[in-house]
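Here the structure is laid out as structure tokens; the discussion comes afterwards.
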Amino acid sequence: MSENAPQRVRSASQTHGVMIVVVGPSGAGKDTLMQFAATQFGQSDRLYFARRVITRDSDAGGENHDAVSQEEFDRRQGAGAFCISWRAHGLSYGIPASVLDRLEEGQIVVANGSRSALSLFKATFPSLKVINVIASPEVLAERLQSRGRESRDDILRRLQRGSIEVCGNFDVTTIDNSGALEHSGKMLADVLEETIRHSR
């Protein structure tokens, strides 16, 4: 699979729901925010949090994902199991095709995505909202350093080279998750609630 190559099962153009894709740099707290929002809404029949398929070990930390080998990922992709798939940071990511059924039923689907794949999301999901989760460089560095994969100096240099902005013609809401989770979590919950209300 080529870098950021989309793989679609069927058109999403006739769906009534909205795809909300959450993006942001490593350490911004995307997974934590999504878990917070999922807890706030409980078993809502209007909101569905998609579980990604990733070629990453299940014990690697971060989001609760379906961990598979690259061979298994390629097999699923060939069988049409994903409505969209892409590569980033040496890993393969897939959104299950079943989310299209949710969208056709008018549900709001929330998925963890990637800024590099936003053009694919837009092409696949005509009704798309982007949540860009950011945090200050100091907070990002502290969170990334706690993972023990890089030194603080290496992390700071990498953060200085990166951008936290979303470029392109997207419907974007930016949430600063540098502070208390209750504050940024409420911001995400408010966006979801407004989307649900407007899609009725």
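Remember, it's a predicted structure, so these values are computed and weren't measured experimentally.
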ask   = Can you check side-chain contact (heavy atoms from CB on, under 4.5 Å) on F41 and I196, steps first, answer last?
value = CA-CA 11 Å; F41 284 90; I196 292 173; 4.0 Å; yes
task = For salt bridge (Lys or Arg N to Asp or Glu O under 4.0 Å), just list the numbers for R76 and E72, CA-CA rounded to whole Å, side-chain angles, deciding distance to a tenth of an Å, and then say yes or no.
result = CA-CA 6 Å; R76 294 191 189 187; E72 173 62 14; 2.9 Å; yes
inquiry  = Walk me through whether L33 and N177 qualify under side-chain contact (heavy atoms from CB on, under 4.5 Å).
reply    = CA-CA 8 Å; L33 275 184; N177 192 31; 4.0 Å; yes
task = Could you go through the side-chain contact (heavy atoms from CB on, under 4.5 Å) check for S184 and F36 one step at a time?
result = CA-CA 10 Å; S184 50; F36 181 92; over 6 Å; no
message = Run I95 and W86 through side-chain contact (heavy atoms from CB on, under 4.5 Å) and show every step you take.
response = CA-CA 9 Å; I95 302 294; W86 69 97; 3.9 Å; yes
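A donor-acceptor pair is defined here as one N or O able to donate and one able to accept, closer than 3.5 Å; no such pair exists between the side chain of D171 and the backbone of K129. Side-chain N or O atoms of R52 include one that pairs as donor or acceptor with a backbone N or O of N112 at under 3.5 Å. Formation of a donor-acceptor pair under 3.5 Å by the S92 side chain with backbone atoms of T55 is not found in this model.
With rounding to the nearest 0.5 angstrom, the OG1 atom of T195 is 10.5 Å from the CZ atom of R46. Taking CG from D190 and CZ from R197, the interatomic distance works out to 9.0 Å, rounded to the nearest 0.5 Å. For the atom pair OG1 of T124 and CG of L100, the computed distance is 8.5 Å after rounding to the nearest 0.5 Å. R75 contributes atom CZ, which lies 13.0 Å from atom CD of Q70 (distance to the nearest 0.5 angstrom).
A chain of hydrophobic side-chain contacts below 4.5 Å, direct or via other Ile, Leu, Val, Met, Phe, Trp or Tyr residues, connects V191 to F49. Hydrophobic clustering (ILVMFWY, side-chain heavy atoms < 4.5 Å, transitive): L181 and V139 are in distinct clusters.
Between E182 and K186 there is no salt bridge, since none of the side-chain N atoms of the basic residue sits less than 4.0 Å from a carboxylate O of the acidic one. Salt-bridge check for E105 with R102: failed, with every basic side-chain N at 4.0 Å or more from each acidic carboxylate O.
Counting heavy atoms from C-beta on, the side chains of S178 and E138 never come closer than 4.5 Å.
Between the side chains of D31 and Q35, not a single donor N or O lies within less than 3.5 Å of an accepting N or O.
More than 12 heavy atoms of other residues, nucleotides or ligands lie within 6.0 Å of NZ in K122, so this atom counts as buried by the packing criterion.
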